[in-house]
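For reference, the structure discussed in these notes is given below.
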Amino acid sequence: MIKNQAYIRKFTPRQKALLEEIATAENIKSAKDVFLFLLEAYPDMKNEIARLNRIIQYKQKKIDTLRADTCTE
């Protein structure tokens, strides 16, 4: 079960760099606000990633079909 409050005492250098990158890009001032932003944005990002993956798969199938057609000729 998730508690109402969380305390993070230490970030790895990579985590800190990512937090700072997001904070700068979104003009956010604190790590807490970055976390809340990410929690709210996660469902939309997940849906967008799934949509882009479907487009990539569709395009890859088209490429494979075109290659198969040109190889048989």
Side-chain angles (χ1 to χ4, degrees):
M1 186 168 158
I2 297 174
K3 297 179 182 179
N4 287 335
Q5 295 180 348
Y7 298 99
I8 300 173
R9 300 191 193 292
K10 187 170 138 180
F11 296 112
T12 65
R14 173 82 174 128
Q15 291 168 336
K16 186 175 179 187
L18 289 170
L19 283 171
E20 289 174 354
E21 182 180 330
I22 294 167
T24 302
E26 297 297 326
N27 197 25
I28 299 173
K29 302 292 181 203
S30 70
K32 178 188 80 163
D33 291 337
V34 171
F35 288 133
L36 294 175
F37 166 77
L38 292 173
L39 283 173
E40 291 173 358
Y42 176 76
D44 293 334
M45 286 189 280
K46 186 175 177 183
N47 291 337
E48 182 68 10
I49 290 169
R51 185 184 73 81
L52 292 171
N53 281 334
R54 286 191 304 273
I55 291 170
I56 291 168
Q57 288 174 349
Y58 173 75
K59 297 289 185 178
Q60 188 62 49
K61 284 180 186 177
K62 276 183 121 177
I63 291 168
D64 293 342
T65 302
L66 289 171
R67 283 188 180 157
D69 289 345
T70 56
C71 289
T72 57
E73 293 178 0

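For clarity, every value in this text was computed on a predicted model and none was experimentally measured. Each residue takes its place number in the sequence, starting with 1.
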Single-linkage hydrophobic cluster, 4.5 Å side-chain cutoff, Phe11 and Ile22 together: yes
Joint hydrophobic cluster, Ile28 plus Met45, side-chain heavy atoms closer than 4.5 Å: yes
Gap separating the CG atom of Leu52 from the CG atom of Asn47, nearest 0.5 angstrom: 11.0 Å
Glu48 vs Arg51 side-chain heavy atoms within contact, under 4.5 Å: yes
Residue pair Ile56 / Asn53, side-chain heavy-atom distance below 4.5 Å: yes
Counterpart residues, side-chain hydrogen bond (donor to acceptor under 3.5 Å, both in side chains), relative to Thr65 (two or more places apart): none
Partners meeting side-chain hydrogen bond (donor to acceptor under 3.5 Å, both in side chains) with Thr24 (sequence neighbours left out): none
Smallest separation among heavy atoms of Lys10 and Gln15, with atom names: O-OE1, 4.5 Å
What donor-acceptor contacts under 3.5 angstrom involve side-chain atoms of residues 37-44, with partners at least two apart or in another chain?
none

Asp64 side chain to Gln60 side chain, donor-acceptor N/O pair below 3.5 angstrom: yes
Pairs satisfying side chain to side chain donor-acceptor pair (under 3.5 Å), at least one member in residues 28-37, at least two apart: Ser30-Asp33
Test salt bridge (Lys or Arg N to Asp or Glu O under 4.0 Å) applied to Glu21 - qualifying residues, sequence neighbours left out: none
Partner residues of Arg14 under the salt bridge (Lys or Arg N to Asp or Glu O under 4.0 Å) criterion, sequence neighbours left out: none
